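Shown next, in structure tokens, is the structure this report addresses.
Heavy atoms only: backbone and side chains are in, while hydrogens, waters and symmetry mates are out. Residue numbers start from 1 in every chain, and the chains themselves are labelled A, B, ... in the order their sequence lines are given, proteins ahead of strands. The shown structure was predicted, so the numbers you read here are calculated from the model rather than taken from an experiment.
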Amino acid sequence: MTSIGDYHCNEVKRSWCPGCGDFGIEAALKSALSKSNIEPKRVMTVGGIGCSGLLPYWTKTNSFVGLHGRALPAAIGMSIADPDSQVVVMAGDGDAYGIGVGHLVHAFRRNQKLVYMVANNGVYALTKGQVSPTAELNAKGSSTPFGINMPPIDPISLALISGGTFVARGFAGDIPHLAEIIERAIAHEGFSFIDILQPCVSYHKNMCDSSYAASMIKLEASNHDAGDLNAALTQARGENGNRKVGIFYCKENNNRKVSDAHMYAGCRSSEDILGLIRPMRVTG
Amino acid sequence: MNRLSIGIGGQAGEGVETLGHAVANLMAKMGKEIATNGEFYNAIKGSHNTFEISVSDEAALSTSTHYNLVIAMDGQTLAEEARRIVTDGYLIYDPETGAPDVSAKLVAVPFLNIAQEVAGTKLAKNMVLFGCFAAMVKAPKELLASMIDELLKNLPPEVKQRNVEAAQRGYEVASEQVHESLMRVSVKDPAVENYLMSGNSISALAAVRAGCTFFAAYPMTPSTSILEFLAKWSNKTKMSVHHVEDELAAINMAVGASYAGARAMVATSGGGFALMTEGVGLAAMLETPIVVVEVQRPGPATGLPTRTGQGDLRQVLHAGQGDVPHMVLSPGTHEEAFQMVREAFEYAEAIRGPVTVLMEKCLAEGMRTIDSDAFDRALDFTCERQTSDKLKRAISYEHDAEGNPTEEPLTVIDRQRSRWNKIDAIAEKLPPGRLEGAESATVTLVCWGATYGAAMETSKLLTAEGIATNVLHIKYFRPFQSGVLETLQKTVRPILIEGNLTAQLGGLIAEKTGFEIKDKILDVSGRPFTAEGLVERIKEIL
């Protein structure tokens, strides 16, 4: 059994604000990895761009930080190329629901095995306080001083109608509960999506109040059937749907090929490659 | 005659390309060297398309603007391609489509009626015309049945049989009118193993040969068939081939796959490459090998999707923000495309970064006869993937040698330099630029990419006319290949030939060598250069 400390990288100084919700996500992830007993060298931690995307810096696993909006395709490429490794992505709401949302929709369709966590707090923090695609209607930010005139994206509904096979939400302030969700996500044979409500102490202070934490509604408490897609949609679309946490939907045994077989160059000799182009051969 | 230039004109959807492939295949079977070029409008039905075929006893390097034979499937061909028939050339036409007003030898074939009468559909007219062509080169009539069987292999046997009969009728009708043979032919020596292939199929094959294990692309004309070939072959090659949501996904997936141990490639055209540029920089920053094939069509924006051009050299060279150590090269021939795509994987390992192979539509979709030994000429791999038990860190922010983020000025400078040093190191391994053709020449044609074919044929024509001409074909743009300045200094009258408006290579040569080529032939018509066209323009310059 691996321990939480096995995933800890102390060499790099942390740059998250004290009290940042990302610390909660980091703790929950490391706990889930340890409980799942995956050796650090078999883990690939992928970051998007933004505060949350810095997680791979201080994770002692294989780590990858790519381009803004493109963490997901890079992670899918990794999972295809090395199906024995567990790929875990930590993206922000800008990365996942803004610049990279096109990839997200297709990732649900592709259902490649990996865990995709999105730190969702309605703000762009690293660029200092603009609204994100999940900001509430009329929310003010430095780029929308009179309020945003578009309603927020609903990530859970988007996931469900796009064919997501594991759709969950966690709260960075409830580490044990989030760790449990991540552990289930790791075990899922497919694309696991977790929207994580992540308080930003600098630009979204309302999320840091105790009243915000108290407003979380656990799906488990309402005997929600995570095998029922319509029930999941009802939970997401209903009153306080954006405060509900837990596993909305999980479809196992979905009869999909989990990943490509180990790739190898099947045709290396001249005879092999000439076999491929036999229809183009000029015969006398 | 040891060279035959054929033009086939017709409406999109009428089977122009199928007839073109049948004619090209037949002449390849007759032991000839083939070059083809399709000129299609960006439409599935209802526009005037042309398929050009050069048939030669020697290597065919380009197609022509003048034809020894035009096959007019529609009336528009009579007004266009038929006007470019050489003296003593032939025109096959159907009197029903119009009366030709050209001085060519006329072969009137009621192919619409024959198709309807024999095969029960006017669609079979291309097979009637195929029969006519076969008769005009005195190819054995028996070949029609076996070739049509292969050409129409997806159709039911009775349909194929009716098409064979239609072709045979065409053969008889043409035999009655034309008694000489357009070109002396004989069935080729079966011991010679050769293939009729497009540049895209060759690029796909080169990726397989190089041990590529991961490929992702979004379809974009004229690069799409690379994806289609690799997908079709993936059952055998075990390559992981993906048609993905966009080019952003394609290159980022490839970088991720490469990071996780795959040998990865993507292919696209100029527009898709524009989307990929940030990913090219990412591969360089993460020191992750990837190969990009960029097949050019004219821009800007959507431009001319189905035409050729050389307008993307600068885009590719300057892809990505910051100083991106990105290797860029371009082949001149189909054989060279195989070598260069294959070697690109090796270069990518050596520089641990991105390598782009630039091609043009005319090379990518144009077909050539290739000897099988061309597939063995490329270098064997020397750079195998390095494996290590160490945890891998790949960070797109500036980072130290361990992969940890840093903004410390001296480390940053050191890292920028170390990435570029790998480009400098590979420069020494590349062949220097050299002159091809006449040893001491009065004219030197300077070109890149597929313009090479027309330039070489131009140099032969001019030299035969007493204007000794040779060719300097630049193949490596970053690192810029050595020997170019020394070679240019030896020339008497260098003339730059490029398929763009701004002399993109000319500017690069001036930047790298200080040598400015004053005479330029620049063309943005979207059509490939031809030797006849170049000879004319060079004579104007001289």
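Here CE of B:Met197 is found 13.0 Å from CZ of A:Arg281. Values are rounded to the nearest 0.5 Å. Between atom CG of residue A:Leu276 and atom CG of residue B:Asn235 there is a gap of 11.0 Å, rounded to the nearest 0.5 Å.
What you find for B:Met253 and A:Ile80 is that their closest heavy atoms are CE-CD1, 3.9 Å. Taking every heavy atom of both residues into account, B:Arg393 and A:Ser63 meet most closely at NE-OG, 3.0 Å. When all heavy atoms are compared, the tightest approach of A:Met280 to B:Phe229 is CE-CE2, 3.3 Å. In terms of heavy atoms, B:Asn404 sits closest to A:Val12 at OD1-CG2, 3.5 Å. Residues B:His243 and A:Arg110 share a closest heavy-atom pair of O-NH2, 4.2 Å. Minimum interatomic distance between A:Ile273 and B:Leu205 (heavy atoms only, all atoms of both residues): O-CD1, 3.7 Å.
When B:Val255, B:Asn252, B:Thr369, B:Ile395 are compared by the number of non-hydrogen pairs under 4.5 Å with chain A, B:Asn252 comes out ahead. When each of A:Ile277, A:Leu274, A:Ile76 is scored by its heavy-atom pairs under 4.5 Å with chain B, the top score falls to A:Ile277. When each of A:Val87, A:Leu72, A:Leu67 is scored by its heavy-atom pairs under 4.5 Å with chain B, the top score falls to A:Leu67. Interface summary for chain B: among A:Gly275, A:Gly77, A:Pro279, the most heavy-atom pairs under 4.5 angstrom belong to A:Gly77. Your options are B:Ser234, B:Ser372, B:Pro405, B:Ala28, and the one with the most heavy-atom pairs under 4.5 Å with chain A is B:Pro405. Annotation: maximal heavy-atom pairing with chain A below 4.5 Å, among B:Ile370, B:Asp246, B:Ile251, occurs at B:Asp246.
B:Ser146 does not touch chain A: none of its heavy atoms, backbone or side chain, sits under 4.5 Å away. For chain A, the nearby parts of B:Glu193 are the backbone and the side chain; heavy atoms of each come within less than 4.5 Å. Heavy atoms of A:His103 lying under 4.5 Å from chain B belong to its backbone as well as its side chain. In this structure, chain B has no heavy atom under 4.5 Å from any part of A:Ser15. Contact of B:Leu248 with chain A is made through backbone and side chain together, with heavy-atom distances under 4.5 Å.
Residue pairs meeting the salt bridge (charged side-chain N to carboxylate O under 4.0 Å, His left out) criterion with at least one member in residues 53-75 of chain A, sequence neighbours excluded, do not occur. The ring pair (Phe, Tyr, Trp, His ring centres under 6.0 Å) contacts involving residues 60-93 of chain A comprise A:Phe64-B:Tyr259, where partners must be two or more places apart or lie in separate chains.
Residues of residues 29-57 of chain A lying under 4.5 angstrom from chain B, judged on non-hydrogen atoms, are A:Pro40, A:Lys41, A:Met44, A:Ile49, A:Gly50, A:Leu54, A:Pro56, A:Tyr57 in numerical order.
By the 6.0 Å contact criterion, OH on B:Tyr218 is open, its count of non-hydrogen atoms from other residues, nucleotides or ligands being 12 or less.
The ring pair (Phe, Tyr, Trp, His ring centres under 6.0 Å) search around A:Phe193 returns A:Phe108, not counting sequence neighbours.
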